[in-house]
Amino acid sequence: MRSPARRPPSDAEIHARLSARIEALEDRVRRLEVLVRGAVVAGRTRSSGTASGRVRRQTAAPRTGGRARPRCPGCTLELPPGRRGEACVWCGFLFDAVRPRKRKG
C-alpha cells in the first residue's frame, strides 16, 4: 500500500517558516552577545586584582534603559562604537544598499 501523496508546502508557508527561524536565530545571536559582553566584564574584574594577589569580585550592573546599539542589516551583529564607514566591519555589507530604518518608539 502506498501512503497518500504529500502536497508541497506553499510559498507563504515556506516564507512564514523561514521568517520564524530567522527571528529565532537573531534572538540567539543577541543572547550570545549579552553573554560575551558579561564574560568580558567578568574577565576585566578578575584581572584587576588587589596588590596582594587576591581577586576582588564585582558584580556587573545590569544594563537598563539605554539605546540599543546599531546593527548591520547584513549580519545583524552590533557595529563597533565610533563613526560608521561605508561597509560593515564584520561582513562587508554596504550600507548604501538599503534605506535607513525608522527608529521605534
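These numbers come from a predicted model, not from an experiment.
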Chemist: Heavy-atom count around Asp27 CG within 6.0 Å, excluding the residue itself: above 12?
Modeler: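 Yes, because the 6.0 Å sphere around CG of Asp27 holds more than 12 heavy atoms from other groups.
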Chemist: Between Glu33 and Arg71, does at least one N-O distance fall below 4.0 Å, as a salt bridge requires?
Modeler: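 Judged by the 4.0 Å cut-off on N to carboxylate O distance, Glu33 and Arg71 do form a salt bridge.
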Chemist: With rounding to the nearest 0.5 Å, note down the distance linking CD in Glu26 to CG in Leu77.
Modeler: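 The distance works out to 10.5 Å.
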Chemist: For Cys72 and Cys91, work out which heavy atoms get closest and say how close.
Modeler: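 Looks like SG-SG, 3.7 Å.
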Chemist: Judged by atom type as modelled, is there a donor-acceptor pair below 3.5 Å linking the side chain of Glu13 to the main-chain atoms of Ser10?
Modeler: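 Checked: pair present.
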Chemist: Is there a path of hydrophobic side-chain contacts, each under 4.5 Å between heavy atoms of I/L/V/M/F/W/Y residues, joining Val40 to Val89?
Modeler: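 No; Val40 is not reachable from Val89 via cluster members.
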Chemist: Any chance you could measure Arg30, atom CZ, to Leu25, atom CG, to the nearest 0.5 Å?
Modeler: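 Going from CZ on Arg30 over to CG on Leu25, the span is 11.0 Å.
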Chemist: Check Leu79 against Trp90 and note the closest heavy-atom contact, atom names and distance.
Modeler: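 For Leu79 and Trp90, the tightest heavy-atom pair comes out as CA-NE1, 4.4 Å.
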Chemist: Please check this pair: side chain of Arg69 against backbone of Glu78, looking for a donor-acceptor N/O pair closer than 3.5 Å.
Modeler: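 Side chain of Arg69 to backbone of Glu78: no pair is present.
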Chemist: Indicate the atoms forming the closest heavy-atom contact of Pro9 with Ile14, along with that distance.
Modeler: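 The pair with the smallest heavy-atom distance is O-CD1, 3.9 Å.
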Chemist: Looking only at non-hydrogen atoms, find the nearest pair between Phe95 and Gly85 and report the distance.
Modeler: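 In this case the closest contact between Phe95 and Gly85 is CD1-O, 3.4 Å.
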